[in-house]
Enquirer: 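Structure below; questions to follow.
By convention in this document, chain letters (A, B, ...) are assigned in the order of the sequence lines, proteins followed by strands, and residues within each chain are numbered from 1.
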Protein chains: 2
Amino acid sequence: MAKKIIIDTDISTEEKIREAARKVFTKKGYAATRTRDIAEEAGLNLALLNYYFRSKEKLFAEVMTEKVQQLFGVIAPIINDPSTQLNTKIVRLAESYIDMLSQHPDLPIFVLSELRNNPVQFTSKMQIGPLIKDSILIRQLIEKRPAINPLHFITNILGMAIFPFIAQPIFLSTAIMDARQFKVLMTERKTLIPVWVNGMLEIEPHSKTDKTNKHEE
Amino acid sequence: MAKKIIIDTDISTEEKIREAARKVFTKKGYAATRTRDIAEEAGLNLALLNYYFRSKEKLFAEVMTEKVQQLFGVIAPIINDPSTQLNTKIVRLAESYIDMLSQHPDLPIFVLSELRNNPVQFTSKMQIGPLIKDSILIRQLIEKRPAINPLHFITNILGMAIFPFIAQPIFLSTAIMDARQFKVLMTERKTLIPVWVNGMLEIEPHSKTDKTNKHEE
DNA sequence: GTCTATAACCTGATAGAC
DNA sequence: GTCTATCAGGTTATAGAC
């Protein structure tokens, strides 16, 4: 009956490197990161990086794949849940993203700025395109507002949750707000975003658009 | 009466370098850019970069300052115009940003990702903080909706205009949409954003928020 | 002002001892 | 597995001819 409890306080060297790489790559980006920075951050020698991961590029690829999934993995289970209504999906998207990004504020700017160079390599396997385009959420949005492209609403939901984190460095450094205020605002946003988006789904846009575009579509 | 018309088709070498630097830095970021790339892009020799600008860093600083102003300069004249109403300011912000970013789609991701490293150096002189916090727009937003922090609405207006361009590489590479569709959507957004934001300003959020924050402000 | 050649430095990767 | 020492290649910056 004597339980053997082994508390593994020692993290493996490989994981130490991976963790350091996550931190440094995420903060500085691939090109600005030196393998020496990662080694130092891990409290280890440079040679060990190449022993465990063959090259800087391969180490980066592991981190990047992980981070892309961290950023986009949130979406899939929510937008394709057949048991939830439109409104619930919006609530969950806002909450999940704001909670997750509060823990990892520099995730979006890292992923999006690295992805602009070679987007296909890291997104192709996740099938993000079909995942979104054929999603239940899209179907529900079309049903609710057939006249407006549903991608507008998806962009808005994600943008209202993610954009503040992308702009955070400017907010803080220009004293538009401080870290405490930012946290308060992001908590408020979890309830405000669904309210706002529901509003968008109800509003009938003025027929002003017809006047400006008289020519045929 | 013989007019001397001198058409200056030759751009000065200095301007050729600056133009090439704008292009390469904006596309690849500071760290990933090699001075050789810029020289090649300009069709010139590497040594000339150091002749005209003392170093890669100084050349970058010039480009960066310019780009920061390009991205944030749009805001100032609109949000502090005493002759326009709240709604007009929203319309102008959406239109100006979407028009400008349609011409320079990779501007936001470049500026925001470079700014995360040393934000103060490039934003301090523009006084972006006071410019926004003491703006007429903020006053008008508070007047219209005293219960909600006006920064929410500013974040939303800017986010709905800018975020699509930040996400554009993913949209295109994952085939969520193609370039033509993106253009159509962004044109629609110029009229939709003001409609949506006006909606936000009218909606009375459920009193649910009061329950969560019982403490005094 | 513009070029070629090269210096001075930095960075990723490896060899080899322990 | 982990370290020190070092190599090979690339990058910024400059010297010096034209």
Enquirer: Can you label the angle between the B/F182 ring and the B/F171 ring as parallel, tilted or perpendicular, going by 30° and 60°?
Expert: tilted
Enquirer: Can you tell me how the ring of A/F25 sits relative to the ring of A/Y30, calling it parallel under 30°, perpendicular over 60° and tilted otherwise?
Expert: parallel
Enquirer: Can B/E15 and B/R18 be said to form a salt bridge (charged side-chain N to carboxylate O under 4.0 Å, His left out), step by step?
Expert: CA-CA 5 Å; B/E15 192 48 37; B/R18 212 188 299 271; 3.2 Å; yes
Enquirer: Atom pairs under 3.5 Å, N or O on each side, protein against nucleotides 4-9 of chain C: can you list them with distances?
Expert:
residue, atom, partner, partner atom, Å
C/dT4, OP2, B/N45, ND2, 2.8

Enquirer: Over all strands shown, is A/T33 touching base, sugar-phosphate only, or nothing at heavy-atom distances under 4.0 angstrom?
Expert: sugar-phosphate
Enquirer: Using the C1' atoms of five pairs at each end, what's the angle between the two axes of the helix from C/dG1-D/dC18 to C/dC18-D/dG1, to 10 degrees?
Expert: 10°
Enquirer: The criterion is side-chain contact (heavy atoms from CB on, under 4.5 Å); which residues satisfy it with A/Q127, sequence neighbours excluded?
Expert: A/P130
Enquirer: Can you list every salt bridge (charged side-chain N to carboxylate O under 4.0 Å, His left out) pair that touches residues 46-58 of chain A, not counting sequence neighbours?
Expert: none
Enquirer: Under 4.0 Å from OP1 or OP2 of D/dT2: is there any side-chain N or O of A/Y52 that close?
Expert: yes
Enquirer: Tell me which residues in residues 14-28 of chain A lie within less than 4.0 Å of DNA chain C, going by non-hydrogen atoms.
Expert: none
Enquirer: What integer distance in Å separates A/N50:CG from D/dT2:P?
Expert: 14 Å
Enquirer: Which pairs pass salt bridge (charged side-chain N to carboxylate O under 4.0 Å, His left out) with one or both residues in residues 98-116 of chain A, sequence neighbours excluded?
Expert: A/D99-A/K190
Enquirer: Where the side chain of B/L44 is defined as all heavy atoms beyond and including C-beta, which of D/dG1, C/dC3, D/dA13 is the nearest nucleotide?
Expert: C/dC3
Enquirer: Would you say A/T35 reaches C/dA13's phosphate, i.e. side-chain N/O to OP1/OP2 under 4.0 Å?
Expert: no
Enquirer: Check the side chains of A/R92 and A/N87 for a donor-acceptor pair under 3.5 angstrom, ignoring hydrogens and angles.
Expert: no
